[in-house]
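The block underneath contains the structure these notes are about, expressed in structure tokens.
Protein chains get the first letters and strands the later ones, always in sequence-line order, with residue 1 at the start of each. As a basis for the values below, the full set of heavy atoms in this structure was taken, side chains included, without hydrogen atoms, waters or symmetry mates.
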Protein chains: 2
Amino acid sequence: MNTRSQPIDREKSYHHGALKGALLDAAEIVLRRDGLEKLTLRATAREAGVSHAAPKNHFDNLTGLLSDLAARGFERFNAEIASPGEAGDTQIDPKQGLREQGRRYVVFAKNNPDLFQLMFRNTRLDYTRSALKTASEAAFAGLTHGTGSASNKLDREGAVGVAFAWSLVHGYAMLMIDGQLNTITKRMIDEIDDMALLDALLGGASDQNTKKGPD
Amino acid sequence: MNTRSQPIDREKSYHHGALKGALLDAAEIVLRRDGLEKLTLRATAREAGVSHAAPKNHFDNLTGLLSDLAARGFERFNAEIASPGEAGDTQIDPKQGLREQGRRYVVFAKNNPDLFQLMFRNTRLDYTRSALKTASEAAFAGLTHGTGSASNKLDREGAVGVAFAWSLVHGYAMLMIDGQLNTITKRMIDEIDDMALLDALLGGASDQNTKKGPD
DNA sequence: CAAATTATATTGACACCGTCAACATATTGC
DNA sequence: GCAATATGTTGACGGTGTCAATATAATTTG
């Protein structure tokens, strides 16, 4: 209770200060530690050390919390997916860039499986919420940009290209997360890593000894 | 509802007769009518007209009910996906057959979105349950068979082929179900149907006037 | 500076959920 | 007919989201 200097010291103050951010942090912890199923309003409040109804003031309801958390996810997603060559626009090979972007897509899903499912699973998400709306739209715009269709309008060929690339990596990520990909890798003569299979799948014949798996 | 001549008259009998099947039927109704989120043990029992704890005798817990329901889904899935040319083995063109199988995959997802998500979403499913185990294994075997890799063991090329085709259609189905595909179709100059886009995506240049949509 | 107002957090209640134990009833085997 | 078993019901528990009522902090206002 030694509150001094700063406006509030937290710890034991009735008011928490910036609770919204703290709740999102707490939700992220719960999501990563206990999984998407256990991510509840009350668990989040518990993790943040506040009462069970405190989140209502900041998120209205569960959908609000999940949506804002998904928005955070899309921001990270954007930062990680956007090819470094996109900012500087110094691409060596457009096809190679697309492969790299697809690889990052799957890596993100592998490293953040619960967050990934939260972001792309429709249920309990409100895409009209400003935070989620802007972040997700930026993500989708980035995807179309990555396939070469920079314009806002897509012709038939461009749409097919985007849908093709997106479906491929998204399906791979989902099958991988849900464990169904094992039904393939387990039947292989010489089992290989998830990411190695992805490289073989994306690369055509990019690299032969794709035995690396830097998670 | 006027069942007679049968062993029990239902309606008001304490024992229900074949409750397990009736519960699965009820669960299917709830799933289709109220969605996967609302599919609960109690809602199923309510729909079947029995007490809230009745399902426990037949399914142990919620996982049991969902798993058995998913098993039913995989059986229907198998019946619908397996190409008619597979039994008779009278395929015109293997590539054409694969396209047709992929199309059926997406059509199944479109017609049974909640069931599809139940089947392929890992959470709350127990794949070691005999019913689900056999049905799902049959489904996965059918998929590998469809891509030409009939053997139980997959070489590198075969595995890549299966993973490629599966990821493509699975991703498309998921993006379609979750509504994210709209971000593509809405940006198209001339908007087209989900299935038309799929045809263009799968077919390469199979058919030009793919405007049919027999749902 | 004190009072009024607003913002924020707590408490308690409600209906729903899955799950379990205790009980009641029907079916089956002897 | 009676015991044993299978099946269904009832009631309880702790968990959940959500809401209304309350309490407290922060801010504005006079």
Distances for protein N/O vs nucleotides 15-17 of chain C N/O pairs under 3.5 angstrom?
from: C:dC17; atom 1: OP1; to: B:Thr40; atom 2: OG1; distance (Å): 3.3
from: C:dC17; atom 1: OP1; to: B:Arg46; atom 2: NH2; distance (Å): 3.3
from: C:dC17; atom 1: OP2; to: B:Arg46; atom 2: NH2; distance (Å): 2.3

*Just checking, any donor-acceptor pair under 3.5 angstrom between side chains of A:Arg129 and A:Ser67?*
no
*Quick one: which of D:dG8, D:dT10, C:dT11 gets closest to the side chain of B:Asn57?*
D:dG8
*Side-chain donor/acceptor of B:Tyr172 to backbone N/O of B:Ser167, under 3.5 Å*: no
*asked:* Quick one, A:Glu28 with A:Arg76, criterion salt bridge (charged side-chain N to carboxylate O under 4.0 Å, His left out). Give me CA distance, side-chain angles, the key distance, then yes/no.
replied: CA-CA 13 Å; A:Glu28 224 165 329; A:Arg76 280 228 323 265; 3.2 Å; yes
_I need the NZ-P distance between A:Lys56 and D:dG17, as an integer number of Å._
12 Å
*A:Asp155 (side chain) donor-acceptor with A:Gly158 (main chain) under 3.5 angstrom*: yes
*A:Asp34 CG - D:dT16 P separation (whole Å)*: 11 Å
*Return the value, rounded to whole Å, for the distance between atom CG of A:Leu19 and atom P of D:dA25.*
16 Å
*Under 30°, 30 to 60°, or over 60°: which ring-plane class applies to A:Phe77 and A:Tyr105, parallel, tilted or perpendicular?*
perpendicular
*Which nucleotide, C:dT10, D:dG17, D:dT9, lies nearest any side-chain atom of B:Ala54?*
D:dT9
*Would you mind reading off the distance between B:His58 atom NE2 and C:dT19 atom C1', rounded to a whole angstrom?*
17 Å
*Atom pair distance, as rounded to whole Å: NE2 in A:His52 and C1' in C:dT10*: 8 Å
*Listed partners of B:Lys133 passing side chain to side chain contact (heavy atoms under 4.5 Å, CB included), at least two apart*: B:Glu137
*Starting at CD of A:Glu37 and ending at P of D:dG17, how long is that distance when rounded to a whole Å?*
13 Å
_Whole-Å distance separating the CG atom of A:Asn61 from the P atom of D:dA20_ = 14 Å
_Value in whole Å for how far the P atom of D:dT16 lies from CZ of B:Arg124_ = 13 Å
